[in-house]
Every structure is written in C-alpha cells, then in structure tokens.
Asker: 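Handing you a structure now.
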Amino acid sequence: MPRRRCCWPCSRASRPATGIAFARPGYIAYRNTAIAARLRPVEIGCGPDSRYQLTAAAIAALDPAPAGVILASPANPTGTIIEPEELRAIADVCRQRGIVLLSDEIYHGLHYTQPAHSILQYAPDAMVVNSYSKYYSMVDWRLGWLLVPPSHVDTARAYAGNLFLTPPSPSQQAALVAMDCTEELEGHRATYARNRQLLLEALPDLGLERIAPPDGAFYIWADVAHLADDSLGLCRRILEDTGVALAPGVDFDPVDGHRFIRFSFAPATVHVEEALRRLRPWFAAQPRIR
C-alpha cells in the first residue's frame, strides 16, 4: 500500500520563517506559543543594563525585522517596567519597520515605583493582552481579554470561537463584581508592597545582591552565579532542605537562566516571613563558587 501523506506541513523545514521577538528572560509561554503557532521565536537577551527589558535599539538592530514583538511591562520574571519614553521609542521603531506590537499587560495595576503605561498610548494599532488573574486576583478563573485594531477583529473572533468558544457566564459575572472591589484589590497590592520590601531588605543578607528591584508584578530576579551554576539543582536542594519553593531561572531563560532564580512575593506576608526565616541559615551555610 502507498504511504499516506499528511496534508498539513508539519516538518521543521516547512514551517514559515516569520519571527516573533521578545525579551529573554521572559515568560516561557511566549516561546512555546510561538512554536505551537508555527512561528519562529526570536529571543533577545536582555541584561541588567536595560533592567532585563527590551529596548528600541535592540529591536532596531534585528536583521531581518521580525513580524512581531511581544512586550511585557511589568514583566515576569523580573517585575521591571519599561519607561514611558522607551515605550514611545519602541513604538516608533516598530512603526518604521512594519513590526506588529503585542503588549502583555497582565500585571498592570500591580506597581510600586511608578504606574505602567499602556502601549496604546504610543501605538494605537497595537494588540494588548490582559487578564483578571493578577490585579483582580482571579487566577483560577482563567478569564482575560484581547484588544486588537478594527482590521483584526474578525480574525480574532474566529480564533476565539475555535480555541475556547466563550468563557462561562459565572466567570464573567464574577469579573464584573471584581472590577468594583477597589478597596479589597488595593489591599492585596499593599500586601505585595510589604512583601516586596521584606525581600529587598533580606536578600542582600542572604548574599543575593545582584537583583533587579521590581517596579511591579510580584517577582524578584536574583543572580546566584556565586553559589551555583545550575539553578534547577539549586532550587531542588533549597526545596528539599527548607521546604521553600523557588523558580529556577532556566524556566525563563534557556541560555543564562542556569545562574538565576525567581522569588515570588505573592503569598501572604506570614508565609514570606516564614520562608525568609528558613532561608537565612541555609544561604549562610553555602560555599561560594566564585
């Protein structure tokens, strides 16, 4: 019998070369979603000089220009925010080079040093993704929204109708109530702010001085190269020895993430305090490798 052939071009060689650029370190779903959509991830290494964020200069230097750029401000795993003037410059570069802008603004509302600006202030034709998961504390409800320019509405509706059809009515009703719970939501943000300050004061005492102080979200990205060259192994040891779960940097950066770990200060303050109580003697007992 003749071999059956798949009519879908699923081989690597047949995938389109369309590139989607985003910062590294960054949320792992950007890379995985791009690959699932048969697009080419273009990861731009971002270091402490840019506070681990994309810059207009980095985007301008890409050759060839990618089809799209994903921004995240505040970002996961660093919590850093892109300054307004840099956002404007990024919008200008993308407009000049014909690059589609997609802004992940899921952490908007969770800020401590300055509010995050929406890309729509500088690029009205950008796409914006947001969610009730973070500021509105509805992470388990899996409810969010996408803003697209009028020319993309029909395409967005077609994808939404085929991928998830429609969110359940109870989720939508709960979201309407959550939007009016300002006092409670700001109370959550005040808790995150206290926890952030606890970590910023404690981490240097743990020997973790090379960090990106977060402007928003609820994460701190810490360099642990002086302790280990394997962040996954380090996090495993910390979990086994102290019961404290931290995220290894390789989850967010496949190139340099082996020397970083991510702290989350989203839990209740009492849990952050307990975690620090357990971590202090553990880090004090660790030999330095450099």
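Everything quoted here is computed from the prediction, not taken from an experiment.
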Asker: Report yes if the side chains of F252 and N76 come closer than 4.5 Å at any heavy-atom pair, otherwise no.
Answerer: yes

Asker: Honestly curious: do I220 and V224 fall in one hydrophobic cluster under the side-chain, below-4.5 Å linking rule?
Answerer: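 Per the 4.5 Å side-chain linkage, I220 and V224 are co-clustered.
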
Asker: Tell me, do L198 and R194 make a side-chain contact under 4.5 Å, heavy atoms counted?
Answerer: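 When only atoms from C-beta onward are counted, R194 and L198 do not touch, as no gap falls below 4.5 Å.
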
Asker: Under 4.5 Å between any side-chain heavy atoms of S171 and M138, yes or no?
Answerer: no

Asker: Please list, chain by chain and in numerical order, all residues satisfying salt bridge (Lys or Arg N to Asp or Glu O under 4.0 Å) with R142, sequence neighbours excluded.
Answerer: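 Scan of R142 (salt bridge (Lys or Arg N to Asp or Glu O under 4.0 Å), adjacent residues dropped) gives none.
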
Asker: Quick one: do the W145 and N130 side chains pair a donor with an acceptor below 3.5 Å?
Answerer: no

Asker: Between V148 and V128, is there a side-chain heavy-atom distance shorter than 4.5 Å?
Answerer: no

Asker: Are any of the side-chain heavy atoms of P66 and R40 separated by less than 4.5 Å?
Answerer: no

Asker: Closest heavy-atom contact between A123 and A91?
Answerer: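 In this case the closest contact between A123 and A91 is CB-CB, 4.0 Å.
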
Asker: Rounded at 0.5 Å granularity, tell me how far CD1 in I70 sits from CE in M127.
Answerer: 11.0 Å

Asker: Quick one: does L232's side chain get under 4.5 Å of H258's, heavy atoms only?
Answerer: no

Asker: The criterion is side chain to side chain donor-acceptor pair (under 3.5 Å); which residues satisfy it with D92, sequence neighbours excluded?
Answerer: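 So D92 forms a side chain to side chain donor-acceptor pair (under 3.5 Å) with R95.
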
Asker: Any side-chain heavy atom of E105 sitting closer than 4.5 Å to one from S118?
Answerer: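 E105 reaches S118 side chain to side chain.
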
Asker: Scan the side chains in residues 47-62 for donor-acceptor partners under 3.5 Å anywhere in the protein, sequence neighbours excluded, and list what turns up.
Answerer:
{"unit_1": "S50", "atom_1": "OG", "unit_2": "G47", "atom_2": "O", "d": "3.4"}
{"unit_1": "S50", "atom_1": "OG", "unit_2": "Q53", "atom_2": "O", "d": "3.0"}
{"unit_1": "R51", "atom_1": "NH1", "unit_2": "D215", "atom_2": "OD2", "d": "2.7"}
{"unit_1": "R51", "atom_1": "NH2", "unit_2": "P213", "atom_2": "O", "d": "2.6"}
{"unit_1": "Q53", "atom_1": "NE2", "unit_2": "A72", "atom_2": "O", "d": "2.9"}
{"unit_1": "Q53", "atom_1": "NE2", "unit_2": "T80", "atom_2": "O", "d": "2.8"}
{"unit_1": "Q53", "atom_1": "NE2", "unit_2": "T80", "atom_2": "OG1", "d": "3.4"}
{"unit_1": "T55", "atom_1": "OG1", "unit_2": "A58", "atom_2": "N", "d": "3.1"}

Asker: Please identify each residue that fulfils ring-ring contact (aromatic ring centres under 6.0 Å, His included) with Y27, with sequence neighbours left out.
Answerer: Y30

Asker: Judged by modelled atom types alone, do S137 and H188 share a side-chain donor-acceptor pair under 3.5 Å?
Answerer: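 The criterion, which ignores hydrogens and geometry beyond distance, is satisfied for H188 and S137.
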
Asker: Using only atom types and a distance under 3.5 Å, with no angle test, would you say the side chain of R196 pairs donor to acceptor with the backbone of P214?
Answerer: yes

Asker: Mind checking what makes salt bridge (Lys or Arg N to Asp or Glu O under 4.0 Å) contact with E274, not counting sequence neighbours?
Answerer: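 Scan of E274 (salt bridge (Lys or Arg N to Asp or Glu O under 4.0 Å), adjacent residues dropped) gives R277, R278.
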
Asker: Is it true that D229 and R259 make a salt bridge, defined as a side-chain N closer than 4.0 Å to a carboxylate O?
Answerer: no

Asker: Is there side-chain contact between N195 and E273, with heavy atoms separated by less than 4.5 Å?
Answerer: no

Asker: With a sphere of 6.0 Å drawn around CD of E183, does it hold more than 12 non-hydrogen atoms of other residues, nucleotides or ligands?
Answerer: no

Asker: Using 4.0 Å as the upper bound for N to carboxylate O, is an ion pair formed by E85 and R88?
Answerer: yes

Asker: With sequence neighbours left out, what residues match R262 under salt bridge (Lys or Arg N to Asp or Glu O under 4.0 Å)?
Answerer: none

Asker: Starting from the C-alpha separation in whole Å, work towards a yes-or-no answer on side-chain contact (heavy atoms from CB on, under 4.5 Å) for I119 and L71.
Answerer: CA-CA 9 Å; I119 192 60; L71 302 178; 4.0 Å; yes

Asker: What do you reckon, are the aromatic ring centroids of Y159 and F164 less than 6.0 Å apart?
Answerer: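 Ring centroids of Y159 and F164 are no less than 6.0 Å from each other.
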
Asker: Between F263 and W221 (judged by ring centroids, cut-off 6.0 Å), do the two rings come close enough to count as a pair?
Answerer: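 No; W221 has its ring centre 6.0 Å or more from that of F263.
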
